[in-house]
Protein chains: 2
Amino acid sequence: MLNEGLPPGSEVDLKNGMKETFQQYLSERGLKSTLQRNIILDTFLHIDRHVRVDDLCLILRAEHRNMGHATVYRTLKLFVESGIARELRFGDGFTRYEPVTEGKQHDHLVCNVCDNITEFKTGAIEQLKDEIVRSHGFQVDTLKLELRGVCRQCIRQ
Amino acid sequence: MLNEGLPPGSEVDLKNGMKETFQQYLSERGLKSTLQRNIILDTFLHIDRHVRVDDLCLILRAEHRNMGHATVYRTLKLFVESGIARELRFGDGFTRYEPVTEGKQHDHLVCNVCDNITEFKTGAIEQLKDEIVRSHGFQVDTLKLELRGVCRQCIRQ
DNA sequence: ATCGTTGCAAAACTTTTGCAGTCTG
DNA sequence: CAGACTGCAAAAGTTTTGCAACGAT
């Protein structure tokens, strides 16, 4: 362990942890650590927020002219399989991905006016999970909560 | 009013109300009530559950050989605009539509094993809406809650 | 008669797949 | 040096659009 001295929850710590997790995932499966995968991971973690695949491609291609979009799609799927990313679909036709930051569970507020997507947290969710297990015998793995409406800025205008 | 005698919340009542709403929506906007639109609406209401567009097309084409899928897509969008239907996307690439039945708010449990989608109700949601308004100044119009995991049947097997 | 609507086909879009050449372990 | 990976192009799949013929008001 190289970052013993750092506070355990720091940004850098988290990101390094995710990189480690990904490298481990690759080697465990006989997959390879390539230049492209590392570039995509760095860029993805640097953005540090949900991002559309085509946006990520654009950002990547700005620096790396011949990065194939197929590679980006394939790599993002690997991120999800390794557990360091989550796939998001808000139903507008674009798939988004975001880093999985443990202990930072959040959901999304989508503004119907400006289309901005805001993250928010709520404690009411965990209770809900328990309720579902009890009433439906359904084992909950993931929970997706999305609220649409009008955001503060757009209400004011 | 033709159905005065019926209990106000009955199936028939609800569906007739939705048909009326749709007809009113059309005439208000100078749009036309056509054979196809009425067939699609009847079939859609008869299914009475979320349905994939391509499934609905198949069902419709069984009876009406030359119903165009473009017409189905266009009509379903009209349903949403008129407020009698809701668009659902679970992120599997298929758009689904379901009738909006007021006072029957429900959400969805998606099983990762058998891919079945179950509807469920919970009371915890309304509190959550209020919480969001207070803490984020966000005016909530619609709320989408989706839980993924393993359903009762699949747990048993 | 006007203008919205339909059905067909083609286009548009995101995402996936096939393949020859390249690079990692 | 075997086999995984990349980048390109083409394919796949759903949804949208253009257009001539049709139909509702």
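Every chain is numbered from 1, with letters handed out A, B, ... down the list of sequences. In this text the structure is predicted, and so the values were computed from the model without any measurement.
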A:Thr34 side-chain N/O to D:dT6 phosphate OP1/OP2 under 4.0 Å:
yes
If you compare every side-chain N and O of A:Tyr73 against the phosphate oxygens of C:dT16 (OP1, OP2), does one of them come in below 4.0 Å?
no
B:Leu31 CG - D:dA24 P separation (whole Å)
15 Å
Hphob cluster co-occupancy, B:Val12 + B:Met18, side-chain heavy atoms under 4.5 angstrom:
no
Answer yes or no: is there an ion pair linking B:Glu87 with B:Arg89, defined by an N-O contact shorter than 4.0 Å?
yes
Run the ring-centre check on B:Phe79 versus B:Tyr97 and record whether the distance is less than 6.0 Å.
no
Measure CG/A:Asn66 against C1'/C:dC23 and give the value in whole Å, please.
14 Å
Between CD of A:Gln24 and C1' of C:dG25 the distance, given in whole Å, is 17 Å
Rounded to whole Å, how long is the line connecting atom NE2 of B:His69 with atom C1' of D:dT16?
9 Å
C:dT14, D:dT17, D:dT6: which one has an atom nearest the side-chain heavy atoms of B:Ala70?
D:dT17
Atom-to-atom span, CD1 of A:Ile39 to C1' of C:dC23 - whole angstrom
14 Å
Length of the CZ-P vector between B:Phe94 and C:dT15, whole Å:
14 Å
Looking just at side-chain N and O atoms, do B:Asn112 and A:Gln139 make a donor-acceptor pair shorter than 3.5 Å?
no
Reading DNA chain D from 5' onward, which residue's closest nucleotide shows up sooner: B:Thr95 or B:Arg74?
B:Thr95
Do any side-chain nitrogens or oxygens of A:Lys32 fall under 4.0 Å of OP1 or OP2 in D:dT6?
no
What's A:Ser33 touching, base or sugar-phosphate or nothing? Going by heavy atoms closer than 4.0 Å.
sugar-phosphate
Expressed in angstrom and rounded to an integer, what is the separation of A:Arg37 atom CZ from C:dC23 atom P?
15 Å
Give a yes/no answer on whether the side chain of B:Lys77 brings an N or O atom under 4.0 Å of OP1 or OP2 in D:dT16.
yes
Whether B:Lys15 side chain and B:Leu45 backbone form a donor-acceptor pair below 3.5 Å:
yes
Over how many whole Å does the gap from B:Leu78 atom CG to D:dT16 atom P extend?
12 Å
Distance below 4.0 Å between B:Gln36 side-chain N/O and D:dG23 OP1 or OP2
no
